[in-house]
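Structure record follows, encoded as structure tokens.
Sequence lines set the chain letters: A, B, ... in the order given, protein chains first and strands last, and positions in each chain run from 1. None of these values were measured; they are calculated from a predicted model.
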Amino acid sequence: MDDQQKARIAQQFIEAIPHSRALGMEMVEISAGIATMKLAYDARFVGDPKTGVLAGGVVTALLDTCAGASVMAHPEVGAATATLDLRIDYMRAAEPERDLYAQAECYRVTRSVAFVRAIAYTDDKDRPVAAANGAFTVMSSAKGRSS
Amino acid sequence: MNRGKPEPVQVIKQRRDAALEKLTASIPYLSYLDIRFERMGDELTARLPFDEKLIGNPALPALHGGVTGSFLEITAVIELTWSTLWDRMEGGGPEAAAIEAGEFPPLPKTIDFTIDYLRSGLPRDAYARARVNRSGRRYASVHVEAWQDNRSRLFAQATGHFLMPQPDG
């Protein structure tokens, strides 16, 4: 299986997740160890009614999904993964009415753990809404590395 | 402090439950996830009723990590807000009247939130309780734990730091 096929399988898997579908998440781009996803603004997902800003939990959900997608699309990781730990730093509020994006990179994979960094942003990638660091489980190697 | 005849229990309960109801009903995402809060005195327990749309891994099946994270964060924010409202609500006067009318101060803003996924979330109801470890004028630190069948077997926990609403805006 080449990297492109693996990314496609990861995309199909992510797009089939009931909660991701419920929130309307879309895969924008996916390749070996890197994923970009989008979540359209929706008034149901607001966390602060006074400002119309999306709930922190929505940002968390998108970052977690996108990070998981980058792990699944990594050539050295098997088809399944689970989040071990996720830290999110909120730099600023997401602008109301704007679509939210997340970009994740699985930058290191060991035999048991995949490490990911990710950002969430609306219009300007250089002014992120949030940044995340996560550790994910690694089940087996798609490339058949011996354990 | 009024040291006269204590208020009837129904009056106290009604006031506290109405304030909690107004606070939680004001947050759309909380309603979307159908999270409810049960109150015993000042202690809150959040409940997340299971629903198919909360699934993140259909093969297991397991709750979505984002759902678990959201649930923990919402519980932390509500607990923190509730703990700051409590004294005002119980103190009487114009502050208590404002809370009763549903005029809440702005919600605290999350600075950072670290989620520890201990085991996969099962397809059933989940519960969470938060503890405010430090609440200053500007910053607060909150720890929150979530479980399902057994209170002592947590499936996730988190610690977050929050920026408190400032009186001068």
Residues Thr60(A), Ile115(B); criterion side-chain contact (heavy atoms from CB on, under 4.5 Å); working and verdict: CA-CA 10 Å; Thr60(A) 302; Ile115(B) 308 153; 3.8 Å; yes
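The cluster map of Ile, Leu, Val, Met, Phe, Trp and Tyr, joined by side-chain heavy atoms under 4.5 Å apart, puts Leu80(B) and Trp86(B) in the same cluster. In the hydrophobic cluster analysis, where Ile, Leu, Val, Met, Phe, Trp and Tyr join through side-chain heavy atoms closer than 4.5 angstrom, Val58(A) is grouped together with Met25(A). In the hydrophobic clustering of this structure, Tyr121(A) does not group with Leu63(A); members are Ile, Leu, Val, Met, Phe, Trp, Tyr whose side-chain heavy atoms approach within less than 4.5 Å, directly or through other members. With hydrophobic clusters built from ILVMFWY side chains whose heavy atoms lie under 4.5 angstrom apart, Tyr41(A) shares a cluster with Leu30(B). At a threshold of 4.5 Å between side-chain heavy atoms, the hydrophobic network of Ile, Leu, Val, Met, Phe, Trp and Tyr places Ile119(A) and Phe113(B) in two separate groups.
Listed by sequence position, the residues of residues 91-102 of chain A in contact with chain B number zero, using a 4.5 angstrom heavy-atom cutoff. Within residues 32-49 of chain B, the residues that have a heavy atom under 4.5 Å from a heavy atom of chain A are Tyr32(B), Leu33(B), listed by number.
For the pair Pro28(B) and Ala43(A), the tightest heavy-atom approach, listed with the atom from each and the gap, is CB-O, 3.5 Å. The two residues Asp85(A) and Thr114(B) come nearest to each other via the heavy atoms OD2-CG2, 3.9 Å. Minimum heavy-atom separation, Ile55(B) to Ile17(A): O-CG2, 3.5 Å. In plain terms, the two heavy atoms of His64(B) and Ala61(A) that are nearest each other are CE1-O, 3.8 Å.
More than 12 heavy atoms of other residues, nucleotides or ligands shown are found within 6.0 angstrom of CD on Glu15(A). Counting heavy atoms of neighbouring residues, nucleotides and ligands inside a 6.0 Å radius, atom CZ of Arg119(B) exceeds 12 of them. Arg137(B) CZ: 12 or fewer foreign heavy atoms inside a 6.0 Å radius. The local environment of OH in Tyr107(A) is crowded, with over 12 non-hydrogen atoms from other residues, nucleotides or ligands closer than 6.0 Å.
When side chains are defined from C-beta on, Tyr29(B) does not count as touching Leu54(A), because their heavy atoms never get closer than 4.5 Å. For the pair Leu107(B)/Lys50(A), no side-chain contact is recorded, criterion being any heavy-atom separation below 4.5 Å from C-beta on. Considering only heavy atoms from C-beta on, Thr83(A) stays 4.5 Å or farther from Thr68(B) through its side chain.
Residue Leu23(A) touches chain B through both its backbone and its side chain, counting heavy-atom pairs closer than 4.5 Å. Only the backbone of Ala16(A) comes within less than 4.5 Å of a heavy atom of chain B; no side-chain atom from C-beta onward does. Of the two parts of Val53(A), neither the backbone nor the side chain holds a non-hydrogen atom closer than 4.5 Å to a non-hydrogen atom of chain B.
Ranked by heavy-atom pairs shorter than 4.5 Å toward chain A, the options Gly69(B), Gly56(B), Ala156(B) are led by Gly56(B). Counting heavy-atom pairs closer than 4.5 Å to chain A, the top residue among Leu72(B), Ile111(B), Ile74(B) is Ile111(B). For chain A, the option among Val77(B), Val67(B), Leu63(B), Leu163(B) with the highest count of heavy-atom pairs below 4.5 Å is Val67(B). Looking only at heavy-atom pairs under 4.5 Å with chain B, the residue among Asp48(A), Asp42(A), Thr65(A), Ile88(A) that has the most is Ile88(A). Ranked by non-hydrogen atom pairs under 4.5 Å with chain A, the options His161(B), Glu73(B), Lys109(B) are led by Glu73(B).
For the pair His19(A) (side chain) and Lys53(B) (backbone), a donor-acceptor distance under 3.5 Å is present.
Atom CG of residue Asp89(A) and atom OG1 of residue Thr110(B) lie 11.0 Å apart, to the nearest 0.5 angstrom. From Phe136(A), atom CZ reaches atom OH of Tyr117(B) across 8.0 Å, with rounding to the nearest 0.5 Å.
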